[in-house]
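Below you'll find the structure, written out as structure tokens, and then a few comments.
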Amino acid sequence: MPYLHFMKRVYTILILLLFGINAFGQVDPENISIVRDEWGVPHIYTQTDAEAAYAIAWVQAEDNFKMLQQILLFGRGELGTVLGKKGAQADFFAGLLGMDELVDSLMAKDVSPAFKTYLEGFCQGLNDFAKKYPEEVIGKNLFPVYPKDVLVTYPLKIADFIGLSKIVGDIIEGKKWDEESSKVNFVKKGSNAFAFQQKMTKNGKTYLVGNPHVALEGPESFYELQVNSEEGIQFHGALFPGAVTPQVGTTPNLGWSHTNNYYDHTDVYLLKMHPTKKGFYEFDGEWLSLVEKELKLRVKTKAGIISVKRTVYRSVYGPTIESKDGNFFAVRMAPILGIKSAEQWYKMVKAQNLVEFKEALQFNGLPYFNITYADKSDNVFYIFNGLFPERKAGYDWTGLLPGNTSETLWTTYVPFNKRPQIENPACGFVYNVNHSPFKCTGPSNWLNPDDYDPNVNYNGLTDDLPRSLRFREIYQEGTKLSMEQLKAIKYDVTLPKTDPTTAAIRQLRNTTIDDKYQVMVDTLLAWNYKANPMSSAPTIAYLYFEGLKKNDWDLRKRTEEVPEEKVKQALKFAYNHLMKYFETVDVPYSDFAVFKRGEKVIHAYGIRGTLGARWGKLSEKDGKFYATGGDNFMFFAQYDETGLVTLETIVPNGSSNETDSEYYNNQLELYGAKKTKVMSFDENIVKKNASRIYSPLD
């Protein structure tokens, strides 16, 4: 009988797979209730976490199925089949890192049974959506998807998010890479987060403000949702497309937000190759063979799908690349050495207090991101979180490293209790705007850098930024503030007085210039450094800064005075651009900086370097600045001893990425006016204001 029972089970599974039905999870969609509020934000109600995961997948698919598929295809190394050459480049990156093999080797050990069940629920939601809407499927052989497909995307996306793909591209092209290579250049992205204890707020509540600065479109644009599971998830926040849990936001008891931290997260090694034996490199006095792997990249072309072969390598350090000049470089970073980040966010989401939250952090799955935290017990907490390599002294870890010795091959990480962090400082607040972890509270409570491992280089890539300087200009330690005042700080669009950015304007006083630029210079010298929408000064300033950048002068990386010749070139760029597109240098910032979503166009407040951050690109068609990033999902939470008291949120793009959806750009005007929408965990309130209540597959 046991044998017959086993064969019957095998037969059943085969039948299920044959007909494309999930053999795992078996979530009943009828147990799931989805409430779309008046803004289109999905509020999910389930009995189990697996059902919640199913619903998280389902609502994302409803609002952004194409993007979800592209992310999964990236993980499969098949993005080239839908995006052509650009997708194939991403497939090469995925194949180089070998995340597929990494998940295979670690999944049984590093993924708990509970989280595996959760992932199965998520996959079932995606698969059911693909079956119901086959006309929306863009990946021919993508479905069904499995937990492994999801887990692969996490290390890939984090590594890409923090700049590894750029480093790999530079290596391949031979840019700045030789035996005397200078420093590794990292991608820098921003965000703001603030947490204030009750003693520092005017109404006696604990405040938390989350303000990620990310792209306004694409895989790095946040998606807002609320999840309520009777098994323990109750969370309102946001996630990047394809994520299986919220990644920032709040429960009824506690909340947190992330900001990027600029520690030295990537090491690059130059291998010493054998002079005659191809594919051999020196390591600790021995010659080891590179492991070769042939990638078969499939690329969509006008003539159809073609296959392109590329060879990638692995050394003891990790993924290894041959540059076009024949050198071999290896890269090593924590995000591509583990697969636990997805489960750590799951544990963070389920935490009920600070003790449980810290336990979740000690799961050591999240290799990156600062965390700013607050809760109903009036705790505020900041940690420079991540998996920081324990490196040996004696090497310049920010530059190119020798790839022939175990001295540079790190295998362990700085323990949790030795990462920069502070809990409930005497000054009553913590914050981070991507600046030094040692300055993420009031000056009277700053941490001592000498207490922390210098080889992590916590503070070497950035100390203060324009936003941290500006915060200290407008908020004085010991001052009580209201939530409206904290909002004003978050939305502030003024550059600090003490910064290379504004110094590059002040030095115009001592620069000899052509008469035709005089009006622009006078406007800049009279400017109060505020991105006032009615003023032409921020328009000229943006173009002046852009002109410096185009002439190889990045103000964010320099403190010295700009050479006079580059100042003149930057002024020329600004003048020519304004005259070409506007026929005047007097262009109000509201007419120059815009945010377009579908047919709706609003003024894009803010400028790069301000707390109300904004970046974008110049249009060659009309000469305007079109916002592509900056303030994205924002939330403003207040807590007292009973829990969450108020929650306000806003997302610039709306809740749907489908252009025909009523939720595609319905928050844009609200966002542009710096207003918010009120959110609630009260199911009765949510349903009262619902635009739709349904279950998946309805």
Less than 6.0 Å separating the ring centroids of [X] and [Y]?
X	Y	result
Tyr118	Phe115	yes
Tyr223	Phe240	no
Phe388	Tyr413	no
Phe438	Phe384	no

Return the minimal non-hydrogen interatomic distance between [X] and [Y], and the atom names on each side.
X	Y	result
Arg419	Tyr458	CA-OH, 4.3 Å
Phe633	Pro212	O-CD, 3.0 Å
Val103	Ile339	CG2-CG2, 3.8 Å
Arg76	Leu142	NH2-O, 2.9 Å
Thr153	Ile71	CG2-O, 3.7 Å
Thr405	Pro402	CG2-O, 4.1 Å

Asn370: which of Asn385, Thr259, Asn434 passes side-chain hydrogen bond (donor to acceptor under 3.5 Å, both in side chains) =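 For Asn370, the side-chain hydrogen bond (donor to acceptor under 3.5 Å, both in side chains) test succeeds with only one of Asn385, Thr259, Asn434, which is Thr259.
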Does either side chain, that of [X] or that of [Y], offer a donor lying less than 3.5 Å from an acceptor on the other one?
X	Y	answer
Thr320	Ser315	yes
Glu390	Thr412	yes
Glu343	Ser112	yes
Ser323	Asn327	no
Asp631	His213	yes
Asn457	Thr398	no

Apply side chain to side chain contact (heavy atoms under 4.5 Å, CB included) to Gln60 and Ile56, showing your working.
-> CA-CA 6 Å; Gln60 287 191 75; Ile56 290 171; 3.5 Å; yes
Is there a donor-acceptor pair under 3.5 Å between the side chain of [X] and the backbone N or O of [Y]?
X	Y	answer
Gln247	Phe222	no
Thr117	Pro113	yes
Asp149	Tyr146	yes
Asn127	Val145	yes
Arg332	Pro319	no

Is [Y] close to [X] at the side-chain level, that is, under 4.5 Å between some pair of heavy atoms?
X	Y	value
Asp160	Phe93	yes
Leu409	Phe283	yes
Leu290	Leu271	yes

Run the side chain to side chain contact (heavy atoms under 4.5 Å, CB included) check on Arg310 and Leu96 step by step: do they pass?
-> CA-CA 10 Å; Arg310 291 289 185 269; Leu96 168 70; over 6 Å; no
Hey, which of Trp345, Trp256, Phe363 is the one that makes ring pair (Phe, Tyr, Trp, His ring centres under 6.0 Å) with Phe357?
->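 Per the ring pair (Phe, Tyr, Trp, His ring centres under 6.0 Å) rule, the option paired with Phe357 is Trp256, out of Trp345, Trp256, Phe363.
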In this structure, which one of Tyr269, Tyr281, Phe329, Trp410 forms a ring pair (Phe, Tyr, Trp, His ring centres under 6.0 Å) with Tyr317?
->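 One option only clears the test, and that one is Tyr269.
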Between Tyr373 and Tyr382, is a ring-ring contact (aromatic ring centres under 6.0 Å, His included) present by the stated rule, with each step listed?
-> CA-CA 6 Å; Tyr373 165 104; Tyr382 162 79; over 10 Å; no
Geometric cation-pi criterion, Lys439 with Trp446: 6.0 Å, 45° | yes
Cation-pi between Lys157 and Phe161: NZ/CZ under 6.0 Å from ring centre and within 45° of the ring axis?
-> no
Inspect the surroundings of [atom1] in [X] and state if more than 12 heavy atoms from other residues, nucleotides or ligands are less than 6.0 Å away.
X	atom1	result
Lys358	NZ	yes
Glu620	CD	no
Lys293	NZ	yes

Between Cys123 and Val150, is a side chain to side chain contact (heavy atoms under 4.5 Å, CB included) present by the stated rule, with each step listed?
-> CA-CA 8 Å; Cys123 291; Val150 176; 3.8 Å; yes
Do Thr245 and Leu239 pass the side chain to side chain contact (heavy atoms under 4.5 Å, CB included) test, and can you show the C-alpha distance, the side-chain angles, and the key distance before you say yes or no?
-> CA-CA 7 Å; Thr245 65; Leu239 49 74; 6.0 Å; no
Salt bridge (charged side-chain N to carboxylate O under 4.0 Å, His left out) evaluation trace for Glu78 with Lys296 | CA-CA 10 Å; Glu78 296 177 0; Lys296 294 181 179 179; over 6 Å; no
Step by step, work out the side-chain hydrogen bond (donor to acceptor under 3.5 Å, both in side chains) result for Asn432 and Thr372.
-> CA-CA 7 Å; Asn432 182 261; Thr372 300; 5.9 Å; no
Which of these, Asp453, Asp396, Asp267, sits in a salt bridge (Lys or Arg N to Asp or Glu O under 4.0 Å) with Arg391?
-> Asp267
